[in-house]
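A note on names: the letters A, B, ... follow the listed sequences, proteins ahead of strands, and every chain is numbered from 1.
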Number of protein chains: 2
Amino acid sequence: MTILVTGGAGFIANTLVESILSRGDSVICLDNLSRGTVSNVARFTRKNSFRFSTVDLADLDAFRSCLDSHVDLGPISEVWHLAANSDIPAGIADPGVDLRDTFMTTFNVLRVMEERKIGELLFASSSAIYGDLGEKELTESTGPLFPISNYGAMKLASEAMITAAAEKFLDRALLFRFPNVVGLPATHGVILDFIRRLRSDPDHLDVLGDGSQRKSYLHVTELVEAMLFIQGRAAKKVDVFNIGPSDAGIHVRDIARETVAAVAPGARLKFGTDNKGWVGDVPCFAYSTAKLSELGWTPKLSSLEAVRRAIREINGQENPP
Amino acid sequence: MTILVTGGAGFIANTLVESILSRGDSVICLDNLSRGTVSNVARFTRKNSFRFSTVDLADLDAFRSCLDSHVDLGPISEVWHLAANSDIPAGIADPGVDLRDTFMTTFNVLRVMEERKIGELLFASSSAIYGDLGEKELTESTGPLFPISNYGAMKLASEAMITAAAEKFLDRALLFRFPNVVGLPATHGVILDFIRRLRSDPDHLDVLGDGSQRKSYLHVTELVEAMLFIQGRAAKKVDVFNIGPSDAGIHVRDIARETVAAVAPGARLKFGTDNKGWVGDVPCFAYSTAKLSELGWTPKLSSLEAVRRAIREINGQENPP
């Protein structure tokens, strides 16, 4: 089988593509390199079953031409649509960012799937679609959905376009709602940010917000394992799964303390006064993964363990031997 | 106050604008005339407090220039965003229709509101955002939201963009989820379709689907009354209300029988075999309006009474004296 992975040079794809190749399928990775890097896929490029192209999926004609250039790999049977803007503050400052990189990429993926009769879509959605519902437990059927960032809005918009497309032409669509995901290769996120700031100034670390924000963290290796598990088990034509750790998450202040302890012991921590790190930041949420547990998958790592492992890994990435 | 109404030459605006003008506010109506007609606003054009411009809101520069041409009316304090594609099958055949007329109009309305510091947005959302949940009662917090048409998808996408905008800059956003709305001036919908077909062939009427589709109908005069009531009463910065009749709706076969009785008595009815009229048609839904009742508003007409009144009105529209 030939599998298309969008955002194929990005963070999640780095782990996912390795799993797909190892099950014996061919992979076409597409990426606009706005955030992903070719180095993320360098280890695959010698394989005959792997292709990479730089293309902006928001440009439909370029997207079509790019796929035409890979027709010798045979028809594509499924699409993992991971391409999206992942910088939430950037999308709040300029709504055009999430419009182009998150919304229009989904719109065009669906156009191409209809034109080429590609039946199966796996979509990287997000807990950000829930918005800020406080301590309310977030199950897949929680509503109303009032996202508070353009990132969350365009992920929800993408889910909606996908379910409409499933009514018309898709054979199957699975929506994976991601928590905060950590691991290698880190391109953004709170851990990378803390490590970079501590490496440039080992004496102190300023934390945006009062540190009380509490979030669920999953390691990228477990995220990919969960998605492939769901793909193998889910029975419905259209379904949605929260993916996350079994615990209620950890506080930003604990991430800061863990990072300081690992990277620059003795650095002073300074917190802000707001309970949000930035406009669009969801201060805390209780993420239910009961549906995924019932399907038969639970993560091995807690939020704290996933964060600790990621701190070690990302510190190594930022300080190569 | 100066109020902006998008889709201002359309079906709902026809009734809404009259109410807004009668409370003493000025109104700027914008419409691309893809479905609305200038005749819908002709009775207002002699008023100094009324302006109409033809403009495509999907074209941001044209939208801005158009607003600039009306600055002499003073700053706009609220926007009623009614502009949207209303032809669900057209948007299923070509996803570009809902992208442009429903999604991009909302995206640009929000851009303009941020640029011009307009604080209040009233949005015409739809029961179509719920998708096909069968007999499950649809409250405002029902999920998951899996719309089955691009129309529903782009309405949900619009809701999501609006809640994200409320986090950043809007003072207030109210989302009104409409049921099927009937009345004058009819531009589309099942009643107009039946009447036109019976007038061209009074001997028989072919009904798409088996007639078992059951839907809630509200008369446009009651819809506008409800929206203005909610605007006056709702206390939260962001809120959503189902608006609809108190009953569980009526079947398409009953609409067909009522129309035949009123327009062409004796015409033979012929039904299809499918329980959907078309791809993206939601066969039945149970629409909860408990939240609106608790706020203090209930409609006077049942679904059947609203449909009967609309049949009389639309038959008159199609057969002017």
Discussion item. Taking every non-hydrogen pair under 4.5 Å, which of B/G143, B/A166, B/G96, B/A165 racks up the most with chain A?
Written reply: B/G143

Worksheet item: Heavy atoms under 4.5 Å from chain B: which residues of residues 150-159 of chain A carry them?
Response: A/N150, A/A153, A/M154, A/L156, A/A157

Practice prompt. List the atom of A/E140, the atom of B/P144, and the distance in Å for their closest heavy-atom pair.
Written response: O-CB, 3.5 Å

Fill in: Contacting moiety of A/A93, where chain B heavy atoms sit under 4.5 Å
backbone

Discussion item. So for B/L175, is it side chain, backbone, both, or neither that comes closer than 4.5 Å to the heavy atoms of chain A?
Written reply: side chain

Worksheet item: What are the two closest heavy atoms between B/K168 and A/I92, and how far apart are they?
Response: NZ-O, 2.7 Å

Worksheet item: With chain B, which of A/I162, A/L110, A/L99 has the greatest number of heavy-atom pairs at distances under 4.5 Å?
Response: A/L99

Worksheet item: With ring centroids as reference points, do A/F103 and B/F103 lie under 6.0 angstrom apart?
Response: yes

Discussion item. For a 4.5 angstrom cut-off between non-hydrogen side-chain atoms, does B/I148 reach A/T163?
Written reply: no

Worksheet item: Residue by residue, which of residues 234-244 of chain B have a heavy atom closer than 4.5 Å to a heavy atom belonging to chain A?
Response: B/V238, B/D239, B/V240

Worksheet entry | Check: B/E167 and A/S149 side chains under 4.5 Å, non-hydrogen atoms | no

